[in-house]
Amino acid sequence: SHMAPARSSSPEASENLLGHKDPPHSQGNTASAPEAQDMLSVHMLRLYEKYSRRGARPGGGNTVRSFRARLEMIDQKAMYFFNLTSMQDSEMILTATFHFYSEPWWPRAREAPCKQRAKNASCRLLPPGLPTRQHLVFHSLSQNTATHGLLRGAMALTPPPKGLWQAKDISPIVKAARRDGELLLSAQLESGEKDPEVSRPNHQAPYILIYANDLAISEPNSVAVTLQRYDPFQAGDTEPGAAPNSSVDPRVRRATQATGPLQDNELPGLDERPAHTSHTQHYHKHELWPSPFRALKPRVGRKDRRKKGQDVFLASSQVLNFDEQTMQKARRK
Amino acid sequence: QWDEPRVCSRRYLKVDFADIGWNEWIISPKSFDAYYCAGACEFPMPKIVRPSNHATIQSIVRAVGIIPGIPEPCCVPDKMNSLGVLFLDENRNVVLKVYPNMSVETCACR
């Protein structure tokens with residue numbers, strides 16, 4: 001058993017851990033740290049500091065995995081579920097411990113048959129008996145079964161003298177469950193009476209620590225297996241080097257050929273040319289442009305236009321047509 | 001780095017997990033001194049670069065120059081240290097792993 005501060009914590013305690021607020025040092029049971037952190041986070045930070053300072057291998061291995069409980073009320077009983085699926089196949093379990101907070105509690109005090117001898121005699125209650133003994137019961141179930149699962153173990157708990165955190169070795173239970181591929185574990189603190197668990201705040205939720213030796217950690221690039229979470233090729237979900245499939249590619253592919261009428265610099269009406277004479281004549285601009293403003297003609301396809309445009313350009317360079325006043329100004333300038 | 005020795009030796013490098021985008025799931029440490037190895041392994045190699053026998057032979061063959069294209073030996077980490085990393089796994093469970101060969105203690109020619 002280890003004395004631990006009863007801390008109120010938000011389930012996002014891991015976020016606090018990531019927030020890097022140094023965990024308040026536990027000053028024993030009564031300290032309630034202003035900054036909430038659950039016991040699991042405090043415990044894991046302590047293991048990390050122990051290793052970082054003294055190089056003490058946690059539990060003799062190179063890996064410690066923690067598993068938070070998920071509380072469910074089944075038949076008015078508090079059931080804690082642990083999802084152990086994140087364990088890697090290369091991790092050999094050395095030890096598994098179940099950590100839970102418990103405090104002594106007595107069954108409801110019974111009332112003695114109360115005989116009114118004197119008016120003011122108050123009814124006496126029997127002194128409470130011994131605190132209730134609790135039992136810890138474990139079941140394991142595979143992901144998809146809805147049953148209670150297979151009974152994996154049960155242990156009687158001696159009532160603690162006062163509220164404190166306790167640890168139980170559940171290595172055989174976890175090893176057997178993993179061997180059978182049942183990586184969902186349920187734990188129940190049974191006491192036969194109405195469950196006080198419901199009132200238990202979640203910072204006192206139990207947790208499991210698994211100390212393991214990761215046989216793959218000496219691989220040259222073991223850090224990438226667990227810590228490199230992104231991959232340049234993962235983004236498009238395509239095989240490296242494969243051209244992105246157009247149906248997958250979210251980008252809009254643009255046609256190279258212009259489909260609609262383009263706004264170009266060609267002036268309207270250029271398409272019209274007087275009938276082609278046997279030899280190329282130099283069109284004088286008046287012949288070409290009988291009036292300064294021309295009605296817009298319906299446009300022909302770009303290819304024809306380009307062909308025609310090219311011929312006309314071949315024939316003579318076009319002079320823009322301006323009214324007399326503009327021309328006079330231009331000459332003056 | 002300019003006044004770094006030419007010969008193969010350990011150079012300082014501090015790695016900040018925020019620089020490589022891992023800080024979202026790494027709780028501790030935020031950064032660590034990783035170091036790296038750089039420098040020449042040319043003939044004659046001083047004792048300090050602790051050449052292997054093969055590296056010594058290779059550097060002589062290269063110096064003699066009879067066989068073209070032989071590169072000089074490489075300056076690589078020799079002794080390395082582990083690093084404990086506290087991080088969140090994909091299920092946001094807190095995990096502590098002690099990764100070997102995460103920082104350089106000494107360099108050598110190989």
Side-chain angles (χ1 to χ4, degrees), chain A residues 11-20 22-23 38 40-53 55-59 61-68 82-88 91 207-214 217-230, chain B residues 10-38 52 54-55 73-110:
Chain A
E12 295 74 36
S14 325
E15 308 308 327
N16 294 346
L17 277 172
L18 274 175
H20 300 296
D22 281 340
D38 61 335
L40 180 153
S41 308
V42 172
H43 197 152
M44 288 300 285
L45 272 173
R46 209 180 289 154
L47 287 172
Y48 167 74
E49 282 158 8
K50 210 158 84 172
Y51 168 72
S52 303
R53 282 205 202 107
R57 295 259 161 186
N62 54 36
T63 296
V64 182
R65 282 189 180 276
S66 65
F67 297 92
R68 278 182 204 291
F82 298 89
N83 176 356
L84 310 182
T85 52
S86 52
M87 268 199 292
Q88 318 262 325
E91 290 169 354
Y207 59 92
I208 287 179
L209 293 189
I210 294 185
Y211 297 82
N213 221 7
D214 186 348
I217 208 159
S218 300
E219 300 287 319
N221 202 12
S222 60
V223 78
V225 170
T226 41
L227 291 180
Q228 176 151 345
R229 305 278 168 90
Y230 50 80
Chain B
R10 184 179 81 161
R11 313 300 167 95
Y12 184 66
L13 168 67
K14 176 177 182 164
V15 173
D16 191 324
F17 285 119
D19 294 342
I20 56 177
W22 290 9
N23 56 312
E24 291 160 43
W25 47 86
I26 290 186
I27 300 162
S28 279
K30 282 319 286 171
S31 63
F32 73 102
D33 294 336
Y35 298 96
Y36 69 96
C37 295
S52 59
H54 177 270
C74 299
C75 178
V76 296
D78 182 22
K79 271 201 212 124
M80 302 187 82
N81 297 321
S82 304
L83 179 75
V85 180
L86 196 64
F87 63 94
L88 296 176
D89 69 8
E90 275 85 352
N91 295 345
R92 302 203 71 72
N93 291 312
V94 182
V95 181
L96 169 61
K97 267 188 182 288
V98 178
Y99 293 99
N101 307 328
M102 289 286 276
S103 65
V104 178
E105 180 75 25
T106 60
C107 298
C109 290
R110 289 290 180 270

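Please read these numbers as outputs of a predicted model, since none were measured by experiment. No hydrogens, no waters, no symmetry mates; every other heavy atom, side chains included, goes into these values. Every chain is numbered from 1, with letters handed out A, B, ... down the list of sequences.
For the residue pair B:Val94 and A:Met44, the shortest heavy atom distance occurs at O-CE, 3.5 Å. In terms of heavy-atom proximity, B:Leu88 sits nearest to A:Arg229 at O-NH2, 2.8 Å. Between B:Gly84 and A:Tyr51 the shortest heavy-atom distance is N-CE2, 3.2 Å.
Annotation: side chain of B:Phe87 is in contact with side chain of A:Thr226 (closest heavy-atom distance under 4.5 Å). Residues A:Leu227 and B:Val85 have side chains in contact (heavy-atom distance under 4.5 Å, counting atoms from C-beta outward).
In this structure, a donor-acceptor pair under 3.5 Å is absent between the side chains of B:Asn93 and A:Ser66.
Of the listed residues (B:Asp89, B:Leu96, B:Asn91), just one forms a side chain to side chain contact (heavy atoms under 4.5 Å, CB included) with A:Arg65, and that residue is B:Asp89.
Only the side chain of A:Glu91 comes within less than 4.5 Å of a heavy atom in chain B; its backbone stays farther off.
With sequence neighbours excluded, the residues that form a side chain to side chain contact (heavy atoms under 4.5 Å, CB included) with A:Asn221 are A:Val223, A:Ala224. Take B:Asp33 and apply the side chain to side chain donor-acceptor pair (under 3.5 Å) test, not counting sequence neighbours, and it matches B:Tyr12.
B:Trp22 places no side-chain N or O within 3.5 Å of a backbone atom of A:Gln228 that could act as its donor or acceptor partner.
A distance of 9.0 Å separates CG of A:Leu47 from CG of B:Leu86, quoted to the nearest 0.5 Å. Atom NZ of residue B:Lys97 and atom CD1 of residue A:Ile217 lie 4.5 Å apart, to the nearest 0.5 angstrom.
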#### Entry: Pair A:Arg68-B:Arg92, side-chain contact (heavy atoms from CB on, under 4.5 Å): steps then yes or no
CA-CA 9 Å; A:Arg68 278 182 204 291; B:Arg92 302 203 71 72; over 6 Å; no

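Against chain A, the residues from residues 98-110 of chain B that qualify, each with a non-hydrogen atom under 4.5 angstrom away, are B:Val98, B:Tyr99, B:Pro100, B:Met102 in number order. Proximity to chain A at a heavy-atom threshold of 4.5 Å picks out B:Ser82, B:Leu83 from residues 74-83 of chain B, in numerical order.
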